[in-house]
Amino acid sequence: MINVTFPDGAARQFPEGISGFEIAKGISPSLAKRTVAMALDGVLADLADPITRDARIEFVNRDDPRALELIRHDAAHVLAEAVQSLWPETQVTIGPVIENGFYYDFARDEPFSLEDFPAIEKKMREIIARDAAFTKEVWTREQAKAFFAAKGENYKVELIDAIPVGDDLRIYRQGEWLDLCRGPHMTSTGKIGNAFKLMKVAGAYWRGDSNNPMLTRIYATAFAKQEDLDLYLKQLEEAEKRDHRRLGREMDLFHFQEEGPGTVFWHPKGWTLFQGIISYMRRRLAGDYDEVNAPQILDKSLWETSGHWDWYRENMFAAQSAGDEAEDKRWFVLKPMNCPGHVQIFKHGLKSYRDLPLRMAEFGVVHRYEASGAMHGLMRVRGFTQDDAHVFCTEDQLAEECLKINDLILSTYSDFGFDKIVVKLSTRPEKRVGSDALWDHAEAVMGRVLKQIEAQSGGRIQTAVNEGEGAFYGPKFEYVLRDAIGRDWQCGTTQVDFNLPERFGAFYIDADGQKKTPVMVHRAICGSIERFTGILIEHFAGHFPLWLAPEQVKVLTITQDGDAYAREVAEAAKRAGLRVGVDLRNEKITYKVREHSLAKAPVLLVVGKKEAAERTVSIRRLGSQEQRSMGLDQALAMLQLEALPPDQKRLRAPDAVADGAAVELDGKRVVAGQL
RNA sequence: GCCGCAGUAGCUCAGUGGUAGAGCACACCAUUGGUAAUGGUGAGGUCGGGAGUUCAAUCCUCCCCUGCGGCACCA
């Protein structure tokens with residue numbers, strides 16, 4: 001007999017091997033009917049599984065959050081059956097649950113297209129309506145291999161070969177169809193319900209390896225209820241409205257064109273935003289870092305020395321004199337990184353241990369030849385600006401420098417409105433330079449730093465370790481921030497480099513008069529400013545806090561009678577340091593309000609006869625219908641204060657805690673994600 | 001780079017084997033209005049580029065470029 005404990009704390013004895021289904025049925029037939037799976041000591045299992053030990057049991061129904069994964073997983077099986085029944089020559093491979101849905105990879109000469117979706121969905125509904133039970137069988141390796149080999153399912157055979165010897169091979173049947181699967185599953189296909197949708201087709205390499213054949217992947221999603229599915233689809237639409245490429249066009253921030261694949265044409269407003277970010281970073285560096293600027297193109301030999309020519313040649317641009325008769329036909333490399341240049345600056349003149357730590361920053365423009373399929377708006381470009389810096393220090397200073405960088409990164413993110421941060425330590429990759437002893441040492445230091453980061457944050461910062469994900473030249477921290485709609489972006493990075501100082505022969509004179517190789521730390525906070533701008537656009541949905549908004553104030557006239565006063569207001573706003581535009585066009589005020597609201601102007605100052613007579617302005621904030629009348633000087637003083645970047649606000653009111661996540665709207669503080 | 005899809009006016013999109021259309025934006029005219037679209041007129045396109053099929057190609061075929069969705073990559 002075994003002891004089974006129920007969620008209410010009651011315990012009962014049952015014969016060993018009794019199934020969850022039998023227990024549920026014993027309690028009530030309706031419980032058995034609505035239960036799709038069980039959890040034993042918190043672990044999901046098939047309801048039909050025999051229970052062979054004392055356990056805490058929970059009956060999971062469709063509405064249980066844990067059932068969502070089962071619904072999706074079961075739907076993946078049904079998708080595979082549907083596809084194979086429509087196109088029997090198709091081989092099935094894998095079909096995992098992913099965030100927000102699931103996919104299934106198929107091998108077929110002709111890839112699926114969106115036109116196939118209605119037929120597949122129809123077939124899936126048929127299979128679900130049949131409501132065949134999911135039943136589990138355990139097969140031997142030979143039996144399974146023979147079965148799938150006979151069906152021509154070569155990928156499944158490969159999968160079986162990859163399963164560790166000794167593990168059970170589980171087969172799940174759903175009526176006529178079956179699949180190799182780890183499980184668990186719900187009791188029958190009918191439990192999936194009809195709140196599912198095929199989303200898109202895509203190519204994907206078998207086992208994620210680009211040397212392998214490409215399969216055709218069908219992405220889909222499923223929910224317990226239709227309302228949930230509808231909500232999800234709605235969220236996708238909302239996310240699309242934030243797309244920085246769309247907002248970049250609508251807000252006239254930047255554009256791309258064919259002649260410059262992966263390179264940005266920044267328009268005045270976009271460049272103002274971009275430069276606003278750089279100005280902020282410059283202020284944050286002042287005092288601690290020296291800003292430098294290294295050449296854009298340097299002789300190929302320097303990149304051979306740095307190792308880039310060997311490691312990344314495929315991804316670099318090179319330039320040469322265009323003149324056929326030029327006396328110098330050397331190849332110059334368009335810099336893909338700033339570090340070799342910075343090492344040259346470090347090496348210029350003897351350095352003493354007293355000069356360390358030496359922190360060298362550059363807003364350097366780098367070019368990398370990204371694969372054509374990799375480009376994506378501002379997020380992945382071929383020419384971009386890094387907020388890059390290199391810290392030259394001693395071994396002893398390494399931990400402290402990492403922590404100092406950490407403080408700078410976290411406070412910067414907070415100023416930009418990001419508060420959910422994950423810090424990941426990436427350790428030695430297979431392909432690397434430097435002795436194991438060096439790696440041991442650096443990883444130990446960084447491991448300690450990581451623990452301290454977590455401890456310092458009081459639980460706000462999550463940490464993780466990515467084994468084997470380090471750069472070839474050293475371990476690194478990666479800073480991942482979460483935006484207003486829950487997407488994660490890796491931006492900042494702190495990387496220890498064992499390679500470069502030695503390759504270039506950089507050294508300093510230590511206290512004992514001996515030459516020593518400095519430790520070099522690469523670090524970036526925003527990473528690519530282009531990409532960071534894109535992230536900010538999407539995070540704020542174009543609805544920037546005042547300090548970032550390219551045009552902060554727009555003065556609108558009601559009739560031409562207000563023109564003179566409007567110009568006066570704009571002049572005064574400009575003197576107050578605000579970025580201001582005037583709209584004197586002969587258009588109705590409703591027209592102007594609509595247009596500038598769509599363009600996401602944060603503050604509209606409407607002026608007419610009344611305002612001109614009283615020296616006031618009528619203020620309308622983006623996202624609000626309300627208007628507030630205020631004296632001109634008072635209004636400008638208020639806006640001037642609000643427009644102060646967070647770092648300068650701190651200087652003015654040292655006690656005030658910066659809260660970059662909040663945006664002021666009509667005097668109310670609003671979290672960016674709720675805009 | 002790989003798989004699939006797409007490219008028509010500044011933007012969003014319709015369309016046809018007989019060299020093109022709408023709305024918005026733009027220009028001009030009238031209108032001078034109190035917080036999300038005033039009316040009229042006009043201008044604007046070698047239909048991504050090249051080659052082929054055809055009497056005739058924006059439309060069909062092939063190649064290339066660029067973009068989009070994924071995959072792979074991301075120093």
Side-chain angles (χ1 to χ4, degrees), chain A residues 103 105 108 110-115 199-219 243 245-246 249-250 252 255-262 303 306-308 310-316 335-340 366 368-377 379-382 386 429 431 469-474 476 490 493 495 497 499-500 522 524 527-528 531 556-563 584-599 604-611 618-622 624-629:
Chain A
Y103 66 78
D105 284 348
R108 182 169 177 250
E110 171 125 353
F112 295 107
S113 77
L114 292 174
E115 280 91 71
M199 303 297 290
K200 51 198 173 196
V201 283
Y205 297 109
W206 167 236
R207 297 189 149 178
D209 184 337
S210 58
N211 298 312
N212 286 340
M214 185 153 274
L215 308 171
T216 163
R217 173 174 297 179
I218 295 180
Y219 281 96
D243 191 307
R245 292 165 298 191
R246 174 182 174 145
R249 200 167 44 235
E250 289 174 359
D252 194 18
H255 84 270
F256 290 91
Q257 65 187 48
E258 286 198 19
E259 293 85 347
W303 302 97
S306 74
H308 289 91
D310 288 339
W311 288 82
Y312 291 107
R313 185 176 174 176
E314 301 303 311
N315 300 300
M316 299 199 302
K335 69 177 175 184
M337 293 195 84
N338 301 302
C339 24
V366 296
R368 299 175 181 183
Y369 182 83
E370 300 286 358
S372 59
M375 260 108 67
H376 181 94
M379 302 304 189
R380 190 84 179 266
V381 287
R382 284 181 174 163
Q386 288 181 318
K431 207 176 155 189
E469 299 275 310
F472 74 86
Y473 49 71
K476 60 182 177 185
Q490 198 243 299
T493 176
Q495 314 186 350
D497 191 334
N499 188 42
L500 225 49
H522 310 246
S528 148
R531 178 163 169 274
L556 317 184
T557 49
I558 290 172
T559 68
Q560 279 172 334
D561 295 337
D563 285 8
L584 302 179
R585 289 177 304 169
N586 175 14
E587 296 291 350
K588 287 174 115 173
I589 189 62
T590 51
Y591 180 91
K592 293 184 187 179
V593 166
R594 175 182 155 80
E595 186 163 284
H596 298 299
S597 297
L598 288 174
L604 301 183
L605 297 183
V606 177
V607 296
K609 272 187 206 148
K610 192 171 129 237
E611 285 77 11
S618 168
I619 307 176
R620 177 175 169 140
R621 303 297 303 249
L622 181 58
S624 165
Q625 255 94 264
E626 290 166 39
Q627 309 144 39
R628 191 149 52 119
S629 185

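Hydrogens, waters and symmetry mates play no part in the numbers below; they use all other heavy atoms, side chains included. Every chain is numbered from 1 and lettered A, B, ... according to where its sequence line falls, protein lines coming before strand lines.
- Side chain of A:T559, nearest nucleotide from B:rU32, B:rC65, B:rU35: B:rU32.
- Residue A:K200 places at least one side-chain N or O under 4.0 Å from the OP1 or OP2 atom of B:rG70.
- Under 4.0 angstrom from either OP1 or OP2 of B:rU35 there lies no side-chain N or O belonging to A:R594.
- Taking only side-chain nitrogens and oxygens, A:H376 comes nearer than 4.0 Å to OP1 or OP2 of B:rG69.
- The phosphate of B:rG4 (OP1 or OP2) has no side-chain N or O of A:Y219 nearer than 4.0 angstrom.
- In this structure, A:R249 reaches the B:rU12 phosphate: one of its side-chain N or O atoms is under 4.0 Å from OP1 or OP2.
- In RNA chain B, the stems built from three or more successive Watson-Crick or G-U pairs (distances below 3.5 Å) are B:1-7 with B:65-71, B:10-13 with B:21-24, B:26-30 with B:38-42, B:48-52 with B:60-64.
- Look at A:Y103 and you won't find any side-chain N or O under 4.0 angstrom from OP1 or OP2 of B:rC71.
- A sub-4.0 Å separation between OP1 or OP2 of B:rC2 and a side-chain N or O of A:R217 is absent.
- Between A:R380 and A:E370 there is a salt bridge, with a side-chain nitrogen of the basic residue lying less than 4.0 Å from a carboxylate oxygen of the acidic one.
- For B:rG1, the OP1/OP2 oxygens have a side-chain nitrogen or oxygen of A:S372 closer than 4.0 Å.
- Remark: P of B:rG70 and CG of A:L215 are 18 Å apart, rounded to the nearest angstrom.
- In terms of phosphate contacts, A:R108 brings no side-chain nitrogen or oxygen within less than 4.0 Å of OP1 or OP2 of B:rG4.
- Side-chain contact of A:T557 with A:K592: a donor-acceptor pair under 3.5 Å is present, judged by distance alone.
- One finds a side-chain N or O of A:T590 lying less than 4.0 angstrom from the OP1 or OP2 phosphate oxygen of B:rU38.
- Under the 6.0 Å distance and 45° angle rule, A:K200 counts as a cation-pi partner of A:Y219.
- Under the rule for a ring-ring contact (aromatic ring centres under 6.0 Å, His included), A:H596 has no partner lying at least two apart in sequence or in another chain.
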